[in-house]
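Each remark here refers to the structure printed beneath this line.
Here is the naming used below: chain letters follow the sequence lines, and residue numbers restart at 1 for every chain.
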Protein chains: 2
Amino acid sequence: MSGNVSTPGASVVSRVLAVLYAFDNGHRRLGVTDLARRADLPVPTVYRLLRELVAGEALTRDADGRYAIGRRLWDVGMLAPEQTELQQVASPFLSDIHAATRATVHLAVRDGREVLYLDRLSGRASVPVVSRAGSRLPLHATGVGKVLLAHAPAELQDDYLAAELRRPTVHTITRPDRLRRQLAAVRREGCATTEDEMTLGACSIAVPITRAAAPGGDSEVVAALGIVVPTLKRERTRLLTALQVAARGIGRSMP
Amino acid sequence: MSGNVSTPGASVVSRVLAVLYAFDNGHRRLGVTDLARRADLPVPTVYRLLRELVAGEALTRDADGRYAIGRRLWDVGMLAPEQTELQQVASPFLSDIHAATRATVHLAVRDGREVLYLDRLSGRASVPVVSRAGSRLPLHATGVGKVLLAHAPAELQDDYLAAELRRPTVHTITRPDRLRRQLAAVRREGCATTEDEMTLGACSIAVPITRAAAPGGDSEVVAALGIVVPTLKRERTRLLTALQVAARGIGRSMP
DNA sequence: GCATACCTTTCACTCAGTGAAAGACCACTC
DNA sequence: GAGTGGTCTTTCACTGAGTGAAAGGTATGC
């Protein structure tokens, strides 16, 4: 599967997946040609696959001939245990935080070198936030990202800091030494903050969710919980307390 | 695709989908043999498909050899426009209701003859509720279900009422004539209620979400918004008001 | 030790899948 | 209204990917 999907010898399965993976946040509805280009496959091949996927209700086809992910694939996705089990346990705690603070609340995990947002509760009148469930952002520019990076394996941290870091705003911290010091502080203090680092006008604060350790075993950071608000600072302790209470509760509730 | 998946002549695509669709709420982790049985396919065939699906990160395989839906399929599912666009628009309104009432809030659509739950916000200390995002329940036993059934095409209503109706509790209303009168009342009054009809000890109230009509065009019920609480009655008006405000907001916010 | 129930591999057959090429169908432009 | 560039759809002869019965492993339990 590491090889090119288009090379002869690639299986139908890999081609199907290539077609499905051709959809993304910015491209939820695509025509045959676009899909073929993105999946790097001949048009007729994609055309045939699409017909079968639509027949199998995995995709839908709208009036103008474009394709989109269908209800049954949504169903299937909702069964992914790694994402949904955590999300289900955390859900009532997110509600509590949201009710207490009226801020945007995030539940996120690390997926490789990115933050993957599992859930979000947003107020109507809050800051415009980029993330939604299923979206990804760089690890170094968000509160939850810093928490997850700080508790990632040391080698991944080194790798990450050695690479070029994206710079969504002028306040994004990209200098490796400064970021490294921040990560140490995150581990020491048990929380991470950002100010205008991902979106101008938005600040965030985040804490790790730690899976309750087996007696004697190591506890493990499995996710992060964060809040995004327009202005921070004076409310810091109140927000942090709400987060920590919830994070502890989620950690304890996990199987 | 209407034909049997196992019959010779069925495509690889249909077999892949049969394997994926073999997972469900009660069976999120399955072994090769189980999957083969559920997908009605020979074991080696499924085995080969699974290997490729795991290689393509569509599925994961845990230590004991069982398979589950993987992160990338979750990602793909989150791109289904029909589910997630509505869910995204509605999300802040659900939060508002939840914050105002501290009750469990549901967003649901009709999928054929079932309620499909798109989102749920639940308090920690509330009634045990069966539904979660992605789960399905019968149309006649829940508040949101009655709303969606009441606004479904007349022929579907007739069909539905003619068939045998499931009976999750002793309070479930299954007599066609009584249910038909209730549906008329739902349309007339703009809300539906249940008492112990799906789960003993749980009551619900729900309203339709109507897509803002094009000038002169018909408005259309696209979803339902509901609340589940332990005891109802005296709070009825307060809950109903919260729901209606939100439903109107969602309807107006939709593209 | 045998039995049961899985998971995994082999292998010869063959039909499902392939993709270049051509055809149909737009929606514009000049 | 002929021409053009862009889609989507169909055809068709070739061939190797996919098939599944059967056999080989492996891990249980009794």
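The shortest side-chain heavy-atom distance between B:Arg72 and A:Tyr21 falls under the 4.5 Å cut-off.
The end-to-end axis angle of the helix from C:dG1-D:dC30 to C:dG23-D:dC8, rounded to 10 degrees and based on five pairs per end, is 50°.
Looking at residues two or more places apart in sequence or on another chain, you find a salt bridge (charged side-chain N to carboxylate O under 4.0 Å, His left out) between A:Arg37 and A:Asp34. Judged as a side chain to side chain contact (heavy atoms under 4.5 Å, CB included), and not counting sequence neighbours, the contacts of A:Ala141 are A:Pro138, A:Pro168, A:Thr172, A:Met198.
With A:Ser14 contributing its side chain and A:Ala10 its backbone, the two residues share no donor-acceptor pair below 3.5 Å.
Dashed line: the shortest gap from a side-chain N or O of B:Arg15 to OP1 or OP2 of D:dG18 is not under 4.0 Å. Put simply, B:Ser11 has no side-chain N or O that comes within less than 4.0 Å of OP1 or OP2 on C:dA16.
Using a 4.0 Å cut-off between charged nitrogen and carboxylate oxygen, A:Arg15 and B:Glu52 do not count as a salt-bridge pair.
Under the side-chain hydrogen bond (donor to acceptor under 3.5 Å, both in side chains) test applied with A:Arg29, the options A:Asp62, A:Asp64, A:Thr60 reduce to a single match, A:Asp62.
Screening residues 144-165 of chain A for ring pair (Phe, Tyr, Trp, His ring centres under 6.0 Å) gives A:His140-A:Tyr160 as the qualifying pairs, with residues at least two apart or on separate chains.
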Identify all pairs in which a protein N or O lies below 3.5 Å from an N or O of nucleotides 26-29 of chain D, and state each distance.
none

Please list, pair by pair, any protein nitrogen or oxygen found under 3.5 Å from a nitrogen or oxygen in nucleotides 6-13 of chain D.
residue : atom : partner : partner atom : Å
D:dC8   : OP1  : A:Val32 : N            : 3.1
D:dC8   : OP2  : A:Thr33 : N            : 2.9
D:dC8   : OP2  : A:Thr33 : OG1          : 2.1
D:dT9   : OP1  : A:Arg61 : NH1          : 3.2
D:dT9   : OP1  : A:Arg61 : NH2          : 2.7
D:dT9   : OP2  : A:Arg61 : NH2          : 3.3
D:dT9   : O5'  : A:Tyr47 : OH           : 3.0
D:dT10  : OP2  : A:Tyr47 : OH           : 3.0
D:dT10  : OP2  : A:Arg51 : NH1          : 3.3

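Protein atom CZ of B:Arg29 is 16 Å distant from nucleotide atom P of C:dC7, rounded to whole Å.
When all heavy atoms are compared, the tightest approach of A:Arg110 to A:Pro153 is NH2-CD, 3.7 Å.
Counting heavy atoms of neighbouring residues, nucleotides and ligands inside a 6.0 Å radius, atom CD of A:Glu82 does not exceed 12 of them.
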